[in-house]
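Okay, structure first, notes after.
All residue numbers refer to positions in the sequence shown, counting from 1. Both ligands and their constituent atoms are indexed starting at 1 by order of listing. The structure presented is a predicted model; accordingly, all values stated were derived computationally and were not measured.
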Amino acid sequence: MSSAQRAVVLGSGSWGTTFAKVLADAGHEVTIWARRPEVANEINESHRNTGYLPGIDLPRNLRATPDLVEAVSGQHFVFVSVPAQTARELAVQLAPLIDDDAVVVSLMKGVERSSGLRMSEVLEGVLELPTDRIAVASGPNIALEIAKEQPTAIVVASDSEVTAVSVAKLARNGYLKSFVNVDVIGTEFGGVLKNLIAIAVGIVDGVGYGENTKASVMTRGLAEISDFAVAMGAQASTMIGLAGLGDLIATCESPLSRNFTAGRLLGQGYVYDDVVAQMQQTAEGLRSVGAILELAERHGVDMPIAKQIDDVLHGRMSPADLAPHLATDDGPSGE
Ligand SMILES: NC(=O)c1ccc[n+]([C@@H]2O[C@H](COP(=O)([O-])OP(=O)(O)OC[C@H]3O[C@@H](n4cnc5c(N)ncnc54)[C@H](O)[C@@H]3O)[C@@H](O)[C@H]2O)c1
Ligand SMILES: O=P(O)(O)OC[C@H](O)CO
């Protein structure tokens, strides 16, 4: 464990609050920025965030504020955990506030719908930071499990290994072990793309198909998202690491996953708008699929599962046809 430092986490939803708890449990002095003052008050007064982490007691060295200026002032480590589609507007507010030497870390797992940019690209562009002051963290990290202090691993990536190590040293404690790599593209896309496959697995689960179907979708899904990530510049090895295969397994198998849950509702026959209305929390995959398909087309990558998710989302395909379609493709081909 490193010596005590200061850090701020922007976003007080499930992951922002959990990650702040991870840092505070490592002995650091942690501030969490909550957009809603009532959430900040609850964290400060009751040491709880019941809307997102029911039953979890938060550490006392974790304090919250709804004031972004106060939250960010003098902070060297700034972690960002808001829904991907809101990252740009937050970054615009953040730009004049961050310290000259601050390291900014994305905890998010979506792409910007309008541009197809990864979150680190959005932050880097708006904040005008060199890439050695940007990092991303990803892995099999279902928030509530980590908040319950169940043992977990995470990977921190930055173009600069020094930066990745400095962040990974900060974000480790008795229940979270951090690893590092320098493949930002793979680490980030791993987190984005597993969400799509978790939606597909949720769909077939909702339809009532069993383990063979889910395993087929997961395995072919891993091949599909690896092809995409490598075409975008990722290392193939990252896709079988924590941010790829690791997160794919956790998200596709957990009833706590919002992406899996959204898929299951689709499989049970709910339409897209009903699913969005029922989700209390962010299911990033629903908003990433269109942008990923556009990038895939531009880079000549075939993504049959992602296409089928998009067809189900837009009512062009019955959920029950998703997996059979996989099996009735043209003649046999190599795995
Ligand atoms: N929950 C997890 O298990 C988990 C784990 C790893 C990564 N992530 C990623 O972390 C990111 C955040 O997810 P989450 O689970 O905390 O989501 P969440 O839905 O639980 O919480 C989102 C938070 O963002 C706030 N927010 C909403 N709109 C905002 C805006 N315009 N400006 C600022 N804040 C706004 C909400 O008030 C809430 O506090 C996502 O990209 C997600 O994929 C989540
Ligand atoms: O709840 P989900 O589907 O957003 O998944 C949460 C995390 O990304 C799992 O690592």
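Here Leu107 has backbone heavy atoms under 4.0 Å from ligand 1, and that is the only part of it that gets that close. Contacts of Thr251 with ligand 2, taken as heavy-atom pairs under 4.0 Å, involve the side chain alone. With a 4.0 Å heavy-atom cut-off, ligand 1 is reached by the side chain of Glu284 but not by its N, CA, C or O. Contacts between Arg35 and ligand 1 below 4.0 angstrom, taking non-hydrogen atoms only, involve the side chain exclusively. Heavy atoms of Arg258 found under 4.0 angstrom from ligand 1 belong exclusively to the side chain.
The shortest contact between atom 8 (O) of ligand 2 and any protein heavy atom is with Lys194 NZ, 2.7 Å. Among all non-hydrogen protein atoms, the one lying nearest atom 12 (C) of ligand 1 is Ser81 OG, 3.6 Å. Scanning the protein for heavy atoms near atom 38 (C) of ligand 1, the closest one is Tyr52 OH, 3.4 Å. If you check which protein heavy atom lies closest to atom 9 (C) of ligand 2, you get Asp247 OD1, 3.3 Å. Summary of contacts: the protein heavy atom closest to atom 8 (N) of ligand 1 is Trp15 CD1, 3.4 Å. Here the protein heavy atom with the shortest distance to atom 5 (C) of ligand 1 is Asn141 O, 3.0 Å. Given atom 3 (O) of ligand 1, the protein heavy atom at minimum distance is Ala143 N, 2.8 Å. With hydrogens left out, the protein atom closest to atom 20 (O) of ligand 1 is Ser14 OG, 2.7 Å, a heavy atom. The protein non-hydrogen atom at the shortest distance from atom 24 (O) of ligand 1 is Pro83 CD, 3.2 Å.
The number of heavy atoms from other shown groups lying within 6.0 Å of CZ (Arg316) is above 12. Crowding of Asp101 atom CG: a count of heavy atoms from other residues, nucleotides or ligands under 6.0 Å exceeding 12. Around CD of Gln150, the count of heavy atoms belonging to other residues, nucleotides or ligands within 6.0 Å exceeds 12. Few gaps surround OH on Tyr272; more than 12 heavy atoms of other groups in view lie less than 6.0 Å from it.
Interface of Ile142 with ligand 2, defined as ligand atoms under 4.0 Å from a residue heavy atom, comprises 9 (C), 10 (O). Annotation for ligand 2: atoms under 4.0 Å from non-hydrogen atoms of Lys109 are 7 (C), 8 (O), 9 (C), 10 (O). Each of the following atoms of ligand 1 lies closer than 4.0 Å to a heavy atom of Glu89: 31 (N). Under a 4.0 Å criterion applied to the non-hydrogen atoms of Asn259, ligand 2 contributes the atoms 2 (P), 3 (O), 4 (O). Every atom of ligand 2 is numbered from 1 in the order shown, and the set under 4.0 Å from a heavy atom of Asn141 is 7 (C), 9 (C), 10 (O).
Side-chain atoms of Ser14 and Gln281 form a donor-acceptor pair, as typed in the model, at a separation below 3.5 Å. Side-chain contact check for Arg287 and Gln85: no donor-acceptor pair (N or O, by modelled atom type) lies under 3.5 Å. In this structure, a donor-acceptor pair under 3.5 Å is absent between the side chains of Ser160 and Asp132. Donor-acceptor pairing under 3.5 Å is recorded for the side chains of Thr187 and Asn181.
Heavy-atom separations between Gly11 and ligand 1 are all 4.0 Å or longer. Heavy-atom distances between Ala262 and ligand 2 stay at or above 4.0 Å for every pair.
Annotation: Thr282 places an N or O atom under 3.5 Å from an N or O atom of ligand 1; distance criterion only. At least one N/O-N/O distance between Gly139 and ligand 2 falls below 3.5 Å. Residue contacts with ligand 1: Gln280 is placed with no nitrogen or oxygen under 3.5 Å of a nitrogen or oxygen of the ligand (distance criterion only). The shortest N/O to N/O separation between Trp33 and ligand 1 does not fall below 3.5 Å. Every N/O-N/O distance between Ile142 and ligand 1 stays at or above 3.5 Å. The shortest N or O to N or O distance between Gly13 and ligand 1 is under 3.5 Å.
With salt bridges taken as basic N to acidic carboxylate O contacts below 4.0 Å, one links Asp247 and Lys109. A salt bridge links Glu121 with Arg118: the closest approach of a Lys/Arg side-chain nitrogen to an acidic carboxylate oxygen falls below 4.0 angstrom. Electrostatic pairing of Arg48 and Glu42 does not count as a salt bridge here, judged by no charged N lying under 4.0 Å from a carboxylate O.
Counting only non-hydrogen atoms, the option in Arg258, Gln281, Met279 that gets closest to atom 1 (O) of ligand 2 is Arg258.
In this structure, CD in Gln5 is found 11.0 Å from CD in Glu29, a value given to the nearest 0.5 Å. Atom CD1 of residue Ile309 and atom NZ of residue Lys307 lie 12.0 Å apart, to the nearest 0.5 angstrom. Here CG of Leu68 is found 11.0 Å from CD1 of Ile98. Values are rounded to the nearest 0.5 Å.
By the 4.5 Å heavy-atom criterion applied to side chains, Val104 and Leu129 are counted as neighbours.
Between Phe79 and Phe19, the angle of the ring planes lies from 30° to 60°, which puts this pair in the tilted group.
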